[in-house]
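These numbers come from the heavy atoms of this one structure, side chains and all, not from hydrogens, waters or symmetry mates. Residue indices begin at 1 and follow the sequence shown.
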Amino acid sequence: MTPSSKSETFLEAAGHDVRISNPDKVVFPEPGLTKLDLARYYLTVADGALRGAGGRPMVLKRFVKGLTQEPFFQKRVPEGHPDFIDTATLHYASGTSAEEAVLRDAAGLVWVSNLGCLDLNPHAVRAEDLDHPDELRVDLDPMPGVDWSQIVDVAFLAREVLADHGLVGWPKTSGSRGLHILVRIAPQWGFADVRLAAETLAREVESRAPGLATARWWKEERGESVFVDFNQNAKDRTVASAYSIRPLPDARVSTPLDWDEVRERRPEEFTVLTVPERFAEVGDRHAGIDDAAGSLDSLLALAKRLGPAEKPPRAGDGAGRRVSRLPLIEVARTKTKPEALAALGQWKAAHPDAAELLHPADELVDGMRGSSSQWYRVRINLQHVPEGDRPEQGALVADYDPWAGREWPGRP
């Protein structure tokens with residue numbers, strides 16, 4: 001490492017000198033981690049991080065304004081990117097396309113870290129074959145009120161279902177509250193079949209443990225259960241890959257586990273400060289994942305036997321939008337999650353009698369993908385409030401428009 005000035009330095013990675021701008025800028029105030037610390041972290045775990053994200057086109061999720069501001073999502077690789085960054089052009093159902101970054105070595109990890117990418121968000125395909133995923137992703141997403149033991153129980157059920165269909169699951173902490181299970185598959189099926197296989201897996205897990213796990217897509221219908229999120233296998237979806245740094249105050253890391261660790265370890269144990277030592281001691285727990293590619297034939301055969309999943313009813317608003325069977329009201333739309341939580345608190349303070357009857361899963365705070373950034377929608381499920389005591393839909397506490405200033409055909 002050769003210092004160049006007070007505002008930049010360089011890290012040597014894979015034979016390249018990679019620039020780090022503002023290396024002393026503090027990104028995580030709580031543990032005191034700087035931009036340079038994060039780049040060095042990715043160098044330390046490069047073998048594992050590249051096993052998860054290397055060779056795959058990825059969306060750049062950039063926290064250029066720090067943890068307190070929402071990131072923006074950049075599909076197109078920046079102009080003037082270094083020659084050690086490969087690219088691949090993805091085509092989307094909307095008719096658009098994007099030339100996305102593909103990391104091949106540790107220099108790429110340092111480069112995206114310098115751009116403000118805390119976590120790595122690769123697609124489930126390799127750059128050499130963009131139409132056939134080689135990874136099925138099981139995202140175990142707990143609803144509010146669900147504890148770690150319930151997530152673990154669902155994880156072992158998912159492992160059991162996978163094994164019953166000849167597949168091997170590789171668990172890792174999501175870096176937040178949940179668990180991911182990665183499944184290598186032969187690149188022989190398109191996105192629609194992979195998503196169907198994942199949905200079938202979710203339905204089978206739910207059937208073995210109703211109430212504990214759910215495959216219901218609509219959040220308000222899940223209750224206090226673990227959602228087996230099959231839609232992460234859609235063509236346009238990405239998830240934070242192994243060894244990704246997550247945007248939580250403690251600089252938590254999405255960390256591969258052995259199955260015998262899943263019940264004993266907790267997500268908060270794995271941070272930028274602790275994972276390098278673990279990596280040095282035990283290596284990458286997913287080191288064998290690429291040798292365990294399986295077939296989707298059995299899950300797809302089960303999908304045929306089960307028939308189509310039940311779809312929630314759509315009716316009533318005159319515009320083709322779904323109308324929930326549950327008593328939902330919308331509270332707010334905000335730019336950031338802290339604003340969303342503040343708006344929720346404001347509504348609860350204004351309706352204390354109803355708020356006292358709410359269950360944790362009745363408070364729905366959802367991150368929504370905008371054109372290039374995330375925004376938040378806050379809703380309340382009044383199912384546990386007596387019908388006569390339910391507050392009516394009123395004016396939104398906050399009404400952020402993520403599309404303000406943007407025009408497209410049909411927009412008022």
Side-chain angles (χ1 to χ4, degrees), residues 11-16 18 33 36-61 84-86 101-114 117-127 134-139 155 168-176 178-185 238-248 250-262 264-293:
L11 282 180
E12 183 179 349
H16 302 277
V18 187
L33 294 169
L36 183 58
D37 292 327
L38 303 187
R40 285 173 168 164
Y41 159 80
Y42 273 120
L43 274 182
T44 302
V45 299
D47 287 347
L50 289 168
R51 186 170 287 111
R56 302 177 183 277
M58 62 183 291
V59 174
L60 303 178
K61 182 182 175 185
F84 56 76
I85 296 297
D86 205 350
V102 179
L103 309 186
R104 297 293 187 182
D105 55 28
L109 293 172
V110 176
W111 180 76
V112 295
S113 177
N114 181 57
C117 298
L118 300 181
D119 44 17
L120 311 174
N121 288 270
H123 290 273
V125 292
R126 304 282 180 174
D134 72 333
E135 186 170 85
L136 183 149
R137 296 165 171 178
V138 183
D139 181 5
V168 180
W170 299 78
K172 70 181 182 71
T173 64
S174 70
S176 183
L179 272 169
H180 294 160
I181 303 174
L182 306 180
V183 183
R184 283 289 194 269
I185 56 175
T238 62
V239 297
S241 58
Y243 299 99
S244 284
I245 305 168
R246 304 311 306 274
L248 295 177
D250 59 359
R252 201 169 296 187
V253 168
S254 178
T255 305
L257 303 173
D258 275 343
W259 278 105
D260 59 8
E261 295 180 296
V262 171
E264 304 302 325
R265 308 302 295 266
R266 296 293 184 273
E268 60 270 19
E269 296 179 51
F270 305 110
T271 72
V272 170
L273 295 177
T274 64
V275 167
E277 183 178 355
R278 169 184 167 87
F279 193 83
E281 290 179 352
V282 305
D284 181 15
R285 294 299 198 188
H286 285 187
I289 191 171
D290 290 322
D291 299 323

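- Checked against side-chain hydrogen bond (donor to acceptor under 3.5 Å, both in side chains), R285 has the following partners two or more places apart in sequence or in another chain: D258, E261.
- Residues that satisfy the side-chain hydrogen bond (donor to acceptor under 3.5 Å, both in side chains) test with E269, not counting sequence neighbours, are R265.
- Listed by chain and number, the residues in a side chain to side chain contact (heavy atoms under 4.5 Å, CB included) with A155 are L140, L179, I181, W259 (sequence neighbours excluded).
- In this structure, the side chains of V45 and L109 stay at 4.5 Å or more apart for every pair of heavy atoms.
- Annotation: side chain to side chain contact (heavy atoms under 4.5 Å, CB included) contacts of A106 (sequence neighbours excluded): A13, L43, A46.
- For W170, the ring-ring contact (aromatic ring centres under 6.0 Å, His included) criterion is met by H286, not counting sequence neighbours.
- Panel note: side chain T255, backbone T173; no donor-acceptor pair is recorded below 3.5 Å.
- Interatomic distance, CG of L11 versus CG of N114, reported as 9.5 Å (0.5 Å rounding).
- Contact annotation: the side chain of L182 approaches that of R137 to within less than 4.5 Å [non-hydrogen atoms, C-beta and beyond].
- Residues forming a side chain to side chain contact (heavy atoms under 4.5 Å, CB included) with P276 (at least two apart in sequence, or on another chain): Y41, T44.
- Within the 4.5 Å cutoff, side-chain heavy atoms of R184 are placed close to those of D290.
- Qualifying salt bridge (Lys or Arg N to Asp or Glu O under 4.0 Å) partners for D250, counting only residues two or more places apart in sequence or in other chains: R252.
- Residues satisfying the side-chain hydrogen bond (donor to acceptor under 3.5 Å, both in side chains) criterion with R246, sequence neighbours excluded, are D119.
- For D134, the side-chain hydrogen bond (donor to acceptor under 3.5 Å, both in side chains) partners are R56, R126, not counting sequence neighbours.
- Two residues are said to be in side-chain contact when any heavy atoms from C-beta on lie closer than 4.5 Å; Y243 and P256 meet this criterion.
- S113 meets the side chain to side chain contact (heavy atoms under 4.5 Å, CB included) test with L38, A39, Y42; sequence neighbours excluded.
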